[in-house]
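Notes follow once the structure below has been shown.
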Number of protein chains: 2
Amino acid sequence: MLTIAVDAMGGDNAPECVVEGTIKTLQEAGNRLEVLLIGQKEKVEPLLDQYDTKHLNLRFMHAPEVITMSDVPAIAVKTKQNSSLVRGLILCKEKKADGFVSAGNTGALMAASLFVLGRIPGVLRPTIAAYFPRLSPGLTNVVDVGANVDCKAEHLVQFAEMLTIYQRDAAGMEKPATGLLNIGEEENKGSDLLKQTYSLLKEADKKNRINFIGNIEGNDILSSKASVIVCDGLVGNTLLKFGESIPHFLSSIFKPSIEKLVASGQLDLKAAELVGTAFKAMFLPFDVEKFGGVPFLGVDGISIVGHGRSSAKAIMNMIFMAEHMIDKKVNQHIAEALAEK
Amino acid sequence: MLTIAVDAMGGDNAPECVVEGTIKTLQEAGNRLEVLLIGQKEKVEPLLDQYDTKHLNLRFMHAPEVITMSDVPAIAVKTKQNSSLVRGLILCKEKKADGFVSAGNTGALMAASLFVLGRIPGVLRPTIAAYFPRLSPGLTNVVDVGANVDCKAEHLVQFAEMLTIYQRDAAGMEKPATGLLNIGEEENKGSDLLKQTYSLLKEADKKNRINFIGNIEGNDILSSKASVIVCDGLVGNTLLKFGESIPHFLSSIFKPSIEKLVASGQLDLKAAELVGTAFKAMFLPFDVEKFGGVPFLGVDGISIVGHGRSSAKAIMNMIFMAEHMIDKKVNQHIAEALAEK
């Protein structure tokens with residue numbers, strides 16, 4: 001049975017949603033999983049008391065400190081060793097847990113994962129990918145989305161290689177297409193860094209390490225052209241946050257127009273509700289809940305970070321993601337692939 | 001009276017839309033403007049014959065060659081000297097025209113503008129900004145959006161300075177807020193380049209050259225927090241193209257849901273049409289027509305490029321933008337500001 005450590009204190013809706021998500025996961029997973037929930041006793045225990053946990057594989061571990069969203073990652077990791085976030089990773093390091101999930105401070109989790117777990121041998125830099133919307137079957141992951149802002153060509157190529165293994169193992173994708181985000185499609189486009197990256201990606205493709213389809217542009221991101229989209233952390237982070245801001249921006253224009261149609265009697269209330277439901281559903285491909293979180297690729301252990309807004313459902317999906325990555329031996333395959341070089 | 005040279009052959013809808021837009025502009029502008037329309041005689045003259053141009057300040061000039069969207073900019077500029085695009089810029093250089101507008105190949109127009117017109121003294125690199133959606137009054141321009149992919153801090157700061165002058169003069173904005181696109185708000189965030197840029201932007205703010213509000217993130221772009229958003233050409237270009245792909249992506253989800261509601265009798269056809277109109281209107285802030293085009297900031301002349309999809313209305317707005325930039329002496333003010341340093 002696998003043991004997943006869960007940060008009860010991470011995220012805007014913690015610890016409530018984390019507790020709820022953990023209970024649901026265990027109810028669904030039966031004897032496949034055990035969860036080690038870590039957090040402040042005085043906050044978490046009263047919540048646990050609301051559930052019947054007797055038959056669940058749930059253990060609670062007190063951690064007096066909390067790393068908040070406003071903590072500076074590098075400092076928090078050093079000064080808050082008794083936080084749920086650092087303790088959870090130490091449990092992984094000591095093999096008392098097989099993986100760790102948290103919806104807390106991403107920077108702190110990145111720093112602590114690297115510090116406590118270290119890197120898989122051969123990994124130049126661990127990275128974070130994000131899920132982007134797509135309409136066709138498959139996955140679109142953009143890598144890197146903020147962990148690495150000063151990237152060299154070798155880093156970007158390794159991100160593509162690790163993400164390809166992740167998509168193959170964790171999502172069952174045969175030969176995920178890798179695209180390099182650029183200002184044009186032609187091979188000679190972009191900065192020196194992008195030209196170098198292009199030629200290294202071509203080499204990696206020849207060695208069958210990735211399936212490189214060439215440069216792609218901003219308007220290709222949502223088009224399902226590529227499953228693995230490579231860019232530096234500034235581009236990826238900006239795109240991610242820009243994309244996340246779009247549903248709210250558009251709703252704030254659309255909602256008042258629909259309200260006007262209702263007020264003027266041109267649309268009845270019931271029809272307006274149906275339209276509202278369709279409108280909300282349109283943003284489902286933007287839904288972060290579906291995937292729950294993203295793994296830090298390249299750290300020597302399983303460390304999954306969720307969105308600050310994570311719901312109980314997102315927490316559940318993060319725990320299952322950790323389980324799946326362990327089952328599929330994603331890290332072992334990354335280590336093997338990098339050793340081959 | 002100002003003379004604006006117009007590339008009749010530039011854009012997906014050329015020459016039809018360009019001719020239509022030119023005629024409309026002259027009908028509206030009366031004796032304020034003269035247009036010198038440049039293009040292939042055999043294509044443009046039959047179109048002109050459809051209009052009553054007798055009382056309009058319109059001259060036509062034949063140019064046998066055309067630079068297409070698939071031409072490689074640097075090569076096209078050298079080998080197609082008899083194209084409407086190159087000829088129009090030469091007319092500006094020779095002071096036979098006061099400005100040039102084209103919805104043609106952006107790369108070629110950039111290369112030719114730089115080659116034929118040169119730079120305003122003091123300008124390190126000319127740049128292109130793009131208009132981004134916003135809900136509050138004012139403008140949001142992202143700079144650079146593809147002209148410069150390998151930027152140094154000094155380049156980025158100059159982009160901000162030129163765009164500030166453009167917004168002040170051409171759009172009447174008092175002290176447009178400048179934000180540096182980064183992965184976080186804190187001063188110490190991002191790559192070395194971004195940290196350097198941050199400190200140079202702070203200096204420029206102290207000298208009252210710009211109004212720097214600090215780092216902004218991807219989710220601030222649509223929030224009206226900044227009017228001048230600074231980033232390198234890869235980030236800006238990717239954001240621009242990503243943003244442009246969103247209306248189509250969302251419509252392809254929303255439209256079928258509304259059609260289903262109609263088919264099942266839950267929404268009547270008339271109401272569905274009203275909803276469809278509201279839905280389309282939601283994307284108006286994404287409408288490139290409104291502004292028509294963007295100027296190359298920093299070239300020693302007025303050179304305005306429009307979207308390949310430019311309509312007659314966009315062409316009209318581009319011609320008026322050229323007029324306005326000349327009237328407001330934008331380039332003179334840029335030269336003065338850079339000389340002050």
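Convention: sequence-line order gives letters A, B, ...; per-chain numbering from 1. Values in this document were obtained by computation on a predicted structure and should not be read as measured data.
Interface remark: Leu274(A) contributes backbone and side-chain atoms alike to the contact with chain B (heavy atom separation under 4.5 Å). Interface residue Leu261(B): only side-chain heavy atoms are found under 4.5 Å from chain A. Only the side chain of Leu194(B) has a heavy atom closer than 4.5 Å to any heavy atom of chain A. For Pro285(B), the part sitting under 4.5 Å from any heavy atom of chain A is the side chain, from C-beta outward, and nothing else. Contacts of Ile221(B) with chain A are made by side-chain atoms alone, with heavy-atom separations under 4.5 Å and no backbone atom involved. At a 4.5 Å heavy-atom cutoff, Leu240(A) makes no contact with chain B through either its backbone or its side chain. At a 4.5 Å heavy-atom cutoff, the contact between Ile258(B) and chain A is made by side-chain atoms alone.
Considering only heavy-atom pairs separated by less than 4.5 Å from chain A, the leading option among Gly218(B), Ala271(B), Ala278(B) is Gly218(B). The residue among Val235(A), Val275(A), Leu250(A) with the most heavy atom pairs within less than 4.5 Å of chain B is Leu250(A).
The CD1 atom of Ile253(A) sits 8.5 Å away from atom CZ of Phe283(B), with the distance rounded to the nearest 0.5 Å. Note that CD1 of Ile246(A) is 2.5 Å distant from CD1 of Ile246(B), once rounded to the nearest 0.5 Å. For the atom pair CG (Leu234(A)) and CG (Leu181(B)), the distance works out to 6.0 Å, reported to the nearest 0.5 Å.
Take Phe254(B) and apply the ring pair (Phe, Tyr, Trp, His ring centres under 6.0 Å) test, not counting sequence neighbours, and it matches Phe254(A), Phe279(B).
Looking at every heavy atom in both residues, Pro133(A) comes nearest to Phe249(B) through CB-CZ, 3.7 Å.
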Anything under 3.5 Å between chain A and chain B that's a donor-acceptor pair? List each one with its distance, please.
residue, atom, partner, partner atom, Å
Asp150(A), OD2, Asp192(B), N, 3.3
Ile183(A), O, Lys241(B), NZ, 3.0
Asp192(A), N, Asp150(B), OD2, 3.3
Glu217(A), OE1, Lys241(B), NZ, 2.4
Lys241(A), NZ, Ile183(B), O, 3.0
Lys241(A), NZ, Glu217(B), OE1, 2.4

